[in-house]
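Just the heavy atoms: all of them, side chains too, but no hydrogens, waters or symmetry mates, feed the values below. Lettering follows sequence order; numbering is per chain, from 1.
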There are 2 protein chains.
Amino acid sequence: MKEVKAILNDTLVLLFNLVLKSEEKFLREVGCKDLSINEIHVIDAVGKNESPTMGAVAGELNVTLGTLTTAINNLEKKEYVARKRGVKDRRVVFLSLTEKGQNIFDLHQEFHDDMINEIVNSLSDSEELALMKGLNNLIDYFMTNYS
Amino acid sequence: MKEVKAILNDTLVLLFNLVLKSEEKFLREVGCKDLSINEIHVIDAVGKNESPTMGAVAGELNVTLGTLTTAINNLEKKEYVARKRGVKDRRVVFLSLTEKGQNIFDLHQEFHDDMINEIVNSLSDSEELALMKGLNNLIDYFMTNYS
DNA sequence: AAATATAATTTGATAATCAAAGTATTGAGG
DNA sequence: CCTCAATACTTTGATTATCAAATTATATTT
């Protein structure tokens with residue numbers, strides 16, 4: 001049993017590095033030269049949030065507002081995202097993707113879809129459930145122990 | 001079926017952020033104030049490599065030698081790792097953990113053990129296999145498509 | 001012995017990050 | 001309505017992480 005745990009650990013660590021590097025490589029192959037992997041994740045968070053304020057996106061990415069401000073400054077300059085002050089509450093800044101931003105968002109989504117398909121297609125239904133169970137347990141664990 | 005894929009994607013993304021933040025939090029709780037999560041990963045790579053040269057560790061971490069050089073400079077200054085030139089081939093630099101470094105290495109290992117236990121203990125033997133299968137498929141996929 | 005290859009470091013530049021201080025706006029209590 | 005506290009964000013100042021390209025030192029090949 002110890003064996004399995006050790007393997008699982010190594011596998012997870014390897015996967016971690018691999019996913020990040022693969023995302024980067026994917027971007028280059030897709031011809032995107034002016035975005036880092038970090039910036040893609042910001043675009044991703046903006047794109048999938050249904051009410052993407054600075055605060056919401058910073059929270060989702062687990063970075064401070066200051067960090068996000070500089071990231072958004074750059075992405076705004078490069079015309080991937082746009083800022084707009086809230087009308088009801090003028091302290092709030094709402095973010096949105098430009099056409100250019102939406103484009104990259106879609107491409108990155110494809111990468112993730114491929115990744116997920118690769119896992120799911122290789123598994124039977126019951127194995128699929130086992131995977132979900134394992135991942136959910138892990139999330140619960142982190143939520144209760146390190147939130 | 002689409003549902004499961006979407007959930008799996010979100011779960012993986014969430015897990016990704018959660019693991020990194022949890023590792024950071026773990027360090028703070030353990031009283032380690034002068035190491036970033038990145039530096040821990042360097043210490044980890046040095047500790048678990050059976051022949052930790054600069055090149056080997058840089059390769060494992062997927063960073064350039066230049067990047068690792070600066071990281072090791074800092075860790076050496078803070079006395080977590082030590083450098084030693086190879087005697088047989090004097091171009092090579094062998095790294096090792098100091099007592100302080102080994103200490104943190106052990107603590108971080110505990111974190112990982114807890115994490116792995118949390119997954120494995122919640123799964124039956126067959127579910128465990130399914131999880132491994134899913135992860136291994138993913139690694140194969142990245143290796144062939146993005147290496 | 002000279003040319004080439006390898007292992008690491010240095011250099012110069014940029015991106016990512018945080019904590020703390022600052023700005024603007026809102027909301028609550030008197 | 002006014003003040004004061006809270007909220008949402010930006011700015012500032014500093015550090016760390018990163019890379020590509022140039023450099024240094026050593027080994028290997030021819």
Using atom [atom1] of [X] as one end and atom [atom2] of [N] as the other, report the distance to the nearest whole Å.
X: A/L65; N: C/dG22; atom1: CG; atom2: C1'; value: 14 Å
X: B/D34; N: C/dT17; atom1: CG; atom2: P; value: 20 Å
X: B/F94; N: C/dA7; atom1: CZ; atom2: P; value: 11 Å
X: A/L68; N: D/dT11; atom1: CG; atom2: C1'; value: 14 Å
X: B/L95; N: C/dA7; atom1: CG; atom2: P; value: 14 Å
X: A/L75; N: C/dT14; atom1: CG; atom2: P; value: 17 Å
X: A/L35; N: C/dA16; atom1: CG; atom2: C1'; value: 15 Å
X: A/N73; N: C/dT17; atom1: CG; atom2: C1'; value: 14 Å

Taking salt bridge (Lys or Arg N to Asp or Glu O under 4.0 Å) as the definition, give me every residue that meets it alongside [X], ordered by chain and number, with sequence neighbours left out.
X: A/E60; value: none
X: A/D113; value: none
X: A/R91; value: A/D89
X: A/E76; value: A/R83

* Asked: Which of residues 44-56 of chain B have a heavy atom under 4.0 Å from DNA chain C?
  ->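 Heavy-atom contacts with DNA chain C come from B/T53, B/M54, B/G55.
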Which residues satisfy the side chain to side chain donor-acceptor pair (under 3.5 Å) test with [X], sequence neighbours excluded?
X: B/K48; value: B/D44
X: B/N103; value: none
X: A/D140; value: none
X: B/T67; value: B/T64

* When you check every protein heavy atom under 4.0 Å of nucleotides 16-30 of chain D, what one-letter string (B, S, -) results, 5' to 3'? -> -SBBS----BBS---
* To do: Work out how much the helix from C/dA1-D/dT30 to C/dG30-D/dC1 bends between its end axes, five pairs an end, to the nearest 10 degrees.
  =>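 Taking five pairs per end, the axes differ by 10°.
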* To do: If you link ILVMFWY side chains whenever their heavy atoms are less than 4.5 Å apart, which other residues fall into the same cluster as A/F94? By chain and number, please.
  =>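 Members besides A/F94, by chain and number: A/V92.
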* Mind telling me whether B/H112 and B/H108 have parallel, tilted or perpendicular rings, with 30° and 60° as the class edges? =>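 Because their plane-to-plane angle is over 60°, the rings of B/H108 and B/H112 count as perpendicular.
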* Minimal non-hydrogen separation, A/Y80 against A/I104, with atom names ->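 That would be CE2-CG1, 4.0 Å.
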* **C/dA24 phosphate, OP1 or OP2, under 4.0 Å from A/R85 side-chain N/O** =>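 For A/R85, the contact criterion (side-chain N or O under 4.0 Å from OP1 or OP2 of C/dA24) is not met.
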